[in-house]
Structure formats: structure tokens, C-alpha cells
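Each residue takes its place number in the sequence, starting with 1.
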Amino acid sequence: MSRTLNASLDIRLMNFTASVLFAIFVVLLMGFALARFARLPLFAIGAIEVSGDVAHNNAINLRANALHHIQGTFFTVDLTQARAAFEAVPWVRQAVVKRYFPNRLRVNLQEHRVMAMWGAEGDTLMVNSFGEVFEGNSGDVETDELPRLIGPAGQSQKIWNTYQALQPAYASLDMMLDQLEMT
């Protein structure tokens with residue numbers, strides 16, 4: 001009797017092991033098939049739609065600066081890398097990249113709005129409306145009418161906020177604040 005009990009236990013253990021191994025094989029096979037399916041040319045990125053602020057950038061500029069960093073298909077493209085590629089383009093402050101089935105990306109851009117020049121006379125750095133320093137082509141804006149802010153690195157937002165606080169007092173006296181320097 002104990003022999004039949006041990007034999008049936010062995011058979012049940014073998015059947016359970018075979019079932020587990022078969023389930024693992026099926027999961028691996030499905031994973032491999034899904035990975036191959038995601039890389040089909042059908043899902044290659046066919047179009048990138050750009051919307052939002054594009055006053056200082058055009059399709060040629062964006063294509064030249066960002067598109068060679070975007071690799072993969074609809075399923076495999078790294079959206080963080082794509083966002084970083086668009087944000088590295090001059091004048092782009094923020095980019096939001098989304099997938100649209102079956103093979104498109106939509107990019108919504110927010111450009112910097114120049115509020116002041118940053119640094120010593122002749123520097124091409126600028127300050128945007130958030131107090132962030134960025135580099136852009138100063139030939140794209142009328143720099144003569146912009147105030148110049150000067151200060152230590154990392155203090156641009158504080159200096160911009162101070163400028164905004166002081167400007168109304170000067171405006172009430174019919175004067176313009178042309179330069180503000182933090183030492």
C-alpha cells in the first residue's frame with residue numbers, strides 16, 4: 001500500500017513539474033513573439049506632429065536637431081529620450097511627447113519667452129519669464145529694449161523676481177530699470 005502511495009505521489013509531482021515547465025515555456029514563447037511583433041516595420045515612427053510654440057523653430061530646425069535622437073518603433077521608442085532631444089533644441093523650454101497609434105508621435109512644445117538679457121554686455125544668454133537662463137540666438141529678439149540682469153550662477157530667478165518687484169516703482173516715476181546686478 002505504501003508503494004502505491006509513493007508511486008502516486010511521484011506521478012503527481014512529475015505532472016506538476018511538467019505543467020510548471022510547460023507554463024514557463026508558453027510565457028517565454030509569448031514574450032518572444034510580442035517582442036518580435038513590437039519591432040515590425042508596420043510600427044516604425046512614420047510621422048511626428050509638432051504643436052505649441054514654434055515661433056523660433058521650424059520643421060527643418062527641429063528635424064536637424066532632434067530627429068536623429070529618436071530611435072525605435074511605436075512600442076519601443078523611449079519617450080524620455082525623445083523629450084530630452086526636443087528640449088535640447090534652442091528656444092525650447094519644455095516638450096511633451098505622446099504616442100498615437102499606430103505609428104505617430106505628437107510633440108507639444110513650449111518655447112522660452114525672453115524677458116531679459118543675462119550676464120555682462122555682449123553675452124548672449126537670456127532670462128525667460130520663469131527666471132531661467134537659457135541660450136538662444138539673440139539676433140531673433142530685439143535686445144535693446146530688454147533689461148540686463150547680472151549675478152552669480154543659479155541666482156537668475158531671484159534677480160528676476162527682484163526686478164519684477166522694483167519695476168512698478170520705477171514705472172510710476174516714468175523711468176525704466178535698464179540693469180539690475182546682484183553682487
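Atom OG of S19 and atom CD1 of I24 lie 11.0 Å apart (nearest 0.5 Å). Distance CG/N103 to OG1/T73: 10.0 Å, rounded to 0.5 Å. Separation of atoms CG (D123) and CD (E121) is listed at 9.0 Å; rounding is to 0.5 Å.
Each of L125 and V89 belongs to its own hydrophobic cluster when Ile, Leu, Val, Met, Phe, Trp and Tyr are linked at side-chain heavy-atom distances under 4.5 angstrom. Under the 4.5 Å side-chain heavy-atom criterion for Ile, Leu, Val, Met, Phe, Trp and Tyr, M126 and L146 are members of the same hydrophobic cluster. When hydrophobic clusters are built by joining Ile, Leu, Val, Met, Phe, Trp and Tyr residues whose side-chain heavy atoms come closer than 4.5 Å, directly or via intermediates, M182 is not grouped with I150. Under the 4.5 Å side-chain heavy-atom criterion for Ile, Leu, Val, Met, Phe, Trp and Tyr, Y170 and L173 are members of the same hydrophobic cluster. In the hydrophobic clustering of this structure, V77 groups with F86; members are Ile, Leu, Val, Met, Phe, Trp, Tyr whose side-chain heavy atoms approach within less than 4.5 Å, directly or through other members.
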Compile the donor-acceptor pairs under 3.5 Å between side chains in residues 45-53 and protein atoms, sequence neighbours left out, one pair per line.
from : atom 1 : to   : atom 2 : distance (Å)
E49  : OE1    : R106 : NE     : 2.9
E49  : OE2    : R104 : NH1    : 2.7
D53  : OD2    : E111 : N      : 3.3

Using residues 157-168 as the side-chain source, report each donor-acceptor pair under 3.5 Å to any protein atom, sequence neighbours left out, with the distance given to one decimal.
from : atom 1 : to   : atom 2 : distance (Å)
W160 : NE1    : Q164 : OE1    : 3.4
N161 : ND2    : Q157 : O      : 3.3
T162 : OG1    : K158 : O      : 2.9
Y163 : OH     : Q167 : OE1    : 3.2

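Under 3.5 Å, the side chains of R93 and Q110 contain a donor-acceptor pair of N or O atoms.
A side-chain donor-acceptor contact under 3.5 Å links E87 to the backbone of A95. Under the 3.5 Å distance criterion, the side-chain polar atoms of T76 are left unmatched by any main-chain donor or acceptor of G72.
Within a 6.0 Å radius of CZ in R113, no more than 12 heavy atoms belonging to other residues, nucleotides or ligands are found.
Side-chain contact between T124 and E135: present, with at least one pair of heavy atoms (C-beta onward) separated by less than 4.5 Å. Between L177 and Q179 the shortest side-chain heavy-atom distance does not fall below 4.5 Å. A 4.5 Å side-chain heavy-atom check between I70 and D78 finds every atom pair outside the cut-off. Side-chain contact between H112 and E132 is present, with at least one heavy-atom pair separated by less than 4.5 Å.
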**Item:** Steps toward side chain to side chain contact (heavy atoms under 4.5 Å, CB included) verdict (L109, L62)
**Value:** CA-CA 11 Å; L109 299 178; L62 291 171; 4.0 Å; yes
Item checked: Stepwise side chain to side chain contact (heavy atoms under 4.5 Å, CB included) test for L105 and R99 -> CA-CA 5 Å; L105 292 179; R99 292 181 174 104; 4.1 Å; yes
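Taking the six-membered ring for Trp and the full ring otherwise, the centers of F134 and W91 sit less than 6.0 Å from each other.
Nearest heavy-atom pair, V133 versus S156, reported as atom, atom and distance to 0.1 Å: CG2-CB, 3.3 Å.
Ring geometry for F74 against F101 counts as perpendicular: the plane angle is over 60°, on a 0 to 90° scale with 30° as the lower cut.
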